[in-house]
Amino acid sequence: MALWLLPMQAALKPITTQEAQWANQLPRKRSQQFTHSRGCVRDALSTLWGIAPLDIPLQAPPGEPPVLANGWGHVSFSHCSDALFIGWSPKRIGVDIEKADRFFKADQLLQRYFSTKDKIALQMLNEEKRRPAILQEWVTKEAAIKWQRGALMKDFQEWSFCKNSKKAIHQTLGYQITVQNLHHKSWFIAIAFDRSIHKHPHIICHG
C-alpha cells in the first residue's frame, strides 16, 4: 500500500487531453479540483511504476470511481479544503479525508444519514465530543463506500464499524474489511482495505 498527502495549493500537474476536456465542462471550482486531483494522482503513481505520469492507465471521469487498467492495482483519492489524500493498493482500497475542525451542522447530518444504532451511540456523547465523533464516523463510512464502489444514500447506513477491531461490515452484502482511522495533524483520515493483505497502513508520503 502507498499513501500520499498533498497540499491543495500545490502547482497543477499535467493531465490527459480527455481529462482536460472533462475539466472544461465543470464549474470553475470543481474544474480546479478535478485538474489538481488527476494530475497529482498521475504524478504520485508514476513514482511507483517509474513511467511518465500521462502514461498511467487511469480512467477517472468526474463523479465516477477511479479505475486503473488490469494489473495496475487500485487507487482511491479524496480531497478537503486544503489537502488531497491518495491511496494505492494491489487490492481494492477506499480513502477519505476531512478537516478535523470543519464546520458543519452535526446534529442535522446525524439525523439525516446515520442508522438508529449509530444515532443512539453518538447522541450519548456531549456536544463537544459528538461533533468530531460524527465527522470521524462519516469519514470511516465514506472510505468503506469507496472501497465497495457503492452509493452514499444507499450504503451509508449499511456499514457498521467496530473501533476496537477496526472491522467494518456491510450488513446486507456481508463485506468485511478493515478501516484504519488516523487523526493526522489537522485532518481525520480513513483507509478501507482488504483485511488479509495490510496490517499497519500508517506511512504517509508528503508532497
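Numbers for residues simply follow the sequence, beginning at 1. All values below come from the heavy atoms of this structure, side chains included, with hydrogens, waters and symmetry mates left out.
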Partners meeting salt bridge (Lys or Arg N to Asp or Glu O under 4.0 Å) with [X] (sequence neighbours left out):
X	result
Lys167	none
Asp155	none
Arg102	Glu98

Notebook entry, point to check: Which residues, ordered by chain and number, are linked to Trp22 in its hydrophobic cluster, where ILVMFWY side chains connect at heavy-atom gaps below 4.5 Å, directly or through other members?
Noted result: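 Besides Trp22, the cluster holds Leu26, Phe34.
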
Checklist line | Linked hydrophobic residues, Leu173 as query - side chain contacts closer than 4.5 Å | finding: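 Once heavy-atom contacts under 4.5 Å are chained together, Leu173 belongs with Phe104, Leu109, Leu110, Tyr113, Phe114, Leu122, Leu125, Ile134, Leu135, Trp138, Val139, Ile145, Trp147, Leu152, Met153, Phe156, Trp159, Phe161, Tyr175, Ile177, Val179, Phe188.
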
Checklist line | Evaluation steps, side chain to side chain contact (heavy atoms under 4.5 Å, CB included), between His170 and Gln176 | finding: CA-CA 7 Å; His170 193 287; Gln176 294 191 28; over 6 Å; no

Next item on the list: Go through Arg112 and Lys105 one step at a time and tell me if the side chain to side chain contact (heavy atoms under 4.5 Å, CB included) criterion holds.
Entry: CA-CA 11 Å; Arg112 180 175 181 183; Lys105 296 180 179 179; over 6 Å; no

If you look at every heavy atom in [X] and [Y], which pair is closest and at what distance?
X	Y	value
Ala23	Thr35	CB-OG1, 3.5 Å
Ala100	His183	CB-NE2, 3.7 Å
Ile93	Ile191	CD1-CG2, 4.0 Å

Item checked: Inter- and intrachain pairs under side-chain hydrogen bond (donor to acceptor under 3.5 Å, both in side chains), touching residues 8-19, at least two apart -> Thr16-Glu19, Glu19-Arg42

Checklist line | Listed once per pair and sorted, the side-chain hydrogen bond (donor to acceptor under 3.5 Å, both in side chains) pairs that draw on residues 119-132, sequence neighbours left out | finding: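 Of all non-adjacent pairs touching residues 119-132, those that pass side-chain hydrogen bond (donor to acceptor under 3.5 Å, both in side chains) are Asp107-Arg130.
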
For [X], enumerate each residue passing the side chain to side chain donor-acceptor pair (under 3.5 Å) test, keeping only those at least two apart in sequence or located in another chain.
X	result
Ser165	none
Ser31	none
Thr47	none
Asp43	none

Atom pairs and distances, side-chain donor-acceptor, residues 55-83, under 3.5 Å, sequence neighbours left out:
{"from": "Ser76", "atom 1": "OG", "to": "Val95", "atom 2": "N", "distance (Å)": "3.1"}
{"from": "Ser78", "atom 1": "OG", "to": "Asp96", "atom 2": "OD1", "distance (Å)": "3.0"}
{"from": "Ser78", "atom 1": "OG", "to": "Ile97", "atom 2": "N", "distance (Å)": "3.2"}
{"from": "Asp82", "atom 1": "OD1", "to": "Trp187", "atom 2": "NE1", "distance (Å)": "2.9"}
{"from": "Asp82", "atom 1": "OD2", "to": "Lys99", "atom 2": "NZ", "distance (Å)": "3.2"}

To the nearest 0.5 Å, how far apart are [atom1] in [X] and [atom2] in [Y]?
X	Y	atom1	atom2	result
Cys40	Met8	SG	CE	8.0 Å
Leu54	Ile51	CG	CD1	10.0 Å
Trp88	Leu3	CH2	CG	11.0 Å

Check: Does the side chain of Asp194 reach to within under 4.5 Å of the side chain of Arg92, using non-hydrogen atoms?
Finding: no

Next item on the list: For the residue pair Thr140 and Asn181, establish whether any side-chain heavy-atom pair is separated by less than 4.5 Å.
Entry: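 Contact flag for Thr140/Asn181 side chains = yes.
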
Next item on the list: Please step through salt bridge (Lys or Arg N to Asp or Glu O under 4.0 Å) for the pair Lys163 and Glu137, ending with a clear verdict.
Entry: CA-CA 10 Å; Lys163 291 182 176 62; Glu137 190 78 6; 3.7 Å; yes

